[in-house]
Number of protein chains: 2
Amino acid sequence: MAAIAYVNGHFSPIEQAVVSVEDRGFQLGDGVYEVLRTYGGRLHAMEAHLRRLFRSLEAIELKHPYTPAEIERIIRECVQRAGLVEALVYLQITRGAGKRSKEFPQGVSPTLVITVREFEPRPPALRANGARIKTARVLRWQRCDIKSICLLPNVLVFNRAKAGGYHEAVFVEDDETITECSAANIFIVKRGRIATPPKSTRILGGVTREEVIALAGKHSLPLEERPVALAELRGADEVFLTSTTIEVLPVTQVDEEPIGVGKPGPITQRLYELLRASVA
Amino acid sequence: MAAIAYVNGHFSPIEQAVVSVEDRGFQLGDGVYEVLRTYGGRLHAMEAHLRRLFRSLEAIELKHPYTPAEIERIIRECVQRAGLVEALVYLQITRGAGKRSKEFPQGVSPTLVITVREFEPRPPALRANGARIKTARVLRWQRCDIKSICLLPNVLVFNRAKAGGYHEAVFVEDDETITECSAANIFIVKRGRIATPPKSTRILGGVTREEVIALAGKHSLPLEERPVALAELRGADEVFLTSTTIEVLPVTQVDEEPIGVGKPGPITQRLYELLRASVA
């Protein structure tokens, strides 16, 4: 029962798992990834993650020999070998290792890396008190819908927010609309109505985002996918974030100002409970 | 006399050099790089490359224990061990290996990788005939002036150009000005006057670009650093690209149309000869 890594067919402890210094993931950010988790030993939303993975692979024209079924089989074997009940699964596919060149390499096999480790839940106090988030101007490339490993802009924005005592950063476009956070999608609630920015090339279509939208529909909570202005974010009654790891997380402060009364709101709490119930 | 890799103090053949699958360069694009070359065994423009490297490290807030003198010493040792007269030196520094998180890791040492291999000159026919380049809409993040390893946008644009029979892609902004190519800076010549887009967050300040600007000044060739419209590129008498590896390379076609008479021009040739003379 331990963290485990898989690299192109080989299993090892994570600390022993290596790739070539000339892997295109290491030198060029030339790859895509997914993060999944288990609930009680069961892999959650496998199909949605696989669908997005293959969409990302196609979007960056990464030729590979895998079928979704084969990737699923490998993921399941990794989780089984790790033997963890609450596990975090990280999967990355790069265009492989070869002499550095921007040109797609010929005769090179892609690199498939999977790591599985214990899932570490966020501190209960964070969920109880809500997160503080900071606005950040756009900095990223134009295809945020591809789950690529070119994440330095997200890393920088996240850490600048963190340095100011915030838990996340939310991206603001030049037209003063918001898109998403460095590692989560974002929703607002105003007078009982939920809104989240629509999918576009500026937003990564989160699996948990889709689940929350479906749950809202199922339980007759009014929800719109539409552009959300920064001013609407600031003036919202409730704000929450979604991702595979944070699930549904309340936000209680944006920049210097509280959201609503500065406490997690009831619709956020309801959706969190609905999500937990749906995965149980 | 062989290609060689250096990884945090260890030398090996390149094919044996590895990094952790959890290196932040591999999972997050969290690093910066430089490419240098030797001429006749002598490292070219070392100071300029080191200055830019330390600027990049500072721009991404990557804490490290190195001084420029220490990096220079390691590079020189790598080149000496490789024993190559015409060598291409690739250097990359990442924020190190640690459990994947957007947050800057604590207590983690950066990863310094250097590879040295034989420099392969471009085919003489390419220089004689000039390159064909393709225009591409912007796709990249907002800090192109940082030499980061988040290069997937450049990889994609380059390969789409290549698939169309082009040698390079030139980025066009929303305001219809051009910035740079996927792996080179760009210059135009019109009625004897040279122009190149000014340094900004949209452009990587190339070492060879600076050398060409200095050579033009020294030899009284009129040159302006100013915004260059796509229409000016298309209507130029001459176009050329600069980089450490291609030096000064003529461009004879942009998209479907020839540049000038479709042959390398005299000012391009002059600057190439001046550059070669200056490094000799």
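The sequence lines fix the lettering, A, B, ..., with proteins before strands; numbering per chain opens at 1.
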Quick one: does Phe26(B)'s side chain get under 4.5 Å of Val21(A)'s, heavy atoms only? no
For chain B, find which of Gly31(A), Ala5(A), Ala17(A), Ser182(A) contributes the most heavy-atom pairs closer than 4.5 angstrom. Ala17(A)
Nearest 0.5 Å, what's the CD-OG distance between Glu120(A) and Ser101(B)? 10.0 Å
At a 4.5 Å cut-off on heavy atoms, which part of Phe104(A) comes close to chain B: side chain, backbone, both, or neither? both
Is chain B contacted by the side chain of Gln27(A), its backbone, both, or neither, given a heavy-atom distance below 4.5 Å? both
Side chain to side chain, Arg95(A) and Leu152(B), heavy atoms closer than 4.5 Å: yes
Can you say whether Tyr90(B) sits under 4.5 Å from chain A via the side chain, the backbone, both, or neither, judging by heavy atoms? side chain
Interface check, chain A: of Arg117(B), Gln16(B), Arg24(B), most non-hydrogen pairs under 4.5 Å belong to Arg117(B)
Side chain, backbone, both or neither: which part of Glu61(B) has an atom under 4.5 Å from a heavy atom of chain A? side chain
Should Val19(B) and Val18(A) be marked as a side chain to side chain contact (heavy atoms under 4.5 Å, CB included) after you check the CA-CA gap, both sets of side-chain angles, and the distance that decides it? CA-CA 5 Å; Val19(B) 291; Val18(A) 293; over 6 Å; no
Compare all side-chain heavy atoms of Arg100(A) with those of Gln92(B) and state whether any distance is below 4.5 angstrom. no
Chain B contact via Val157(A) - side chain, backbone, both or neither, heavy atoms under 4.5 Å: neither
Decide if atom NZ of Lys99(A) counts as having more than 12 heavy atoms of other residues, nucleotides or ligands within a radius under 6.0 Å. no
Mind ranking Ala161(A), Pro153(A), Ser148(A) by heavy-atom pairs under 4.5 Å with chain B and telling me who comes out on top? Pro153(A)
Check whether Thr201(A) gets within reach of chain B through its side chain, its backbone, both or neither, counting any heavy atom under 4.5 Å. neither
Hey, does Asp30(A) have a side-chain heavy atom less than 4.5 Å from the side chain of Leu151(B)? no
With a 4.5 angstrom heavy-atom cut-off, which part of Glu103(B) approaches chain A: side chain, backbone, both or neither? both
For Thr94(B), which atoms come within 4.5 Å of any heavy atom of chain A: side chain, backbone, both, or neither? side chain
What are the two closest heavy atoms between Lys102(B) and Val155(A), and how far apart are they? O-CG1, 3.6 Å
Please check if atom CD in Glu58(A) has more than 12 non-hydrogen atoms from other residues, nucleotides or ligands closer than 6.0 Å. no
Counting only non-hydrogen atoms closer than 4.5 Å, does Ala163(B) touch chain A with its backbone (N, CA, C, O), its side chain (CB onward), both, or neither? neither
Gln80(B) atom CD, over 12 foreign heavy atoms within 6.0 Å: no
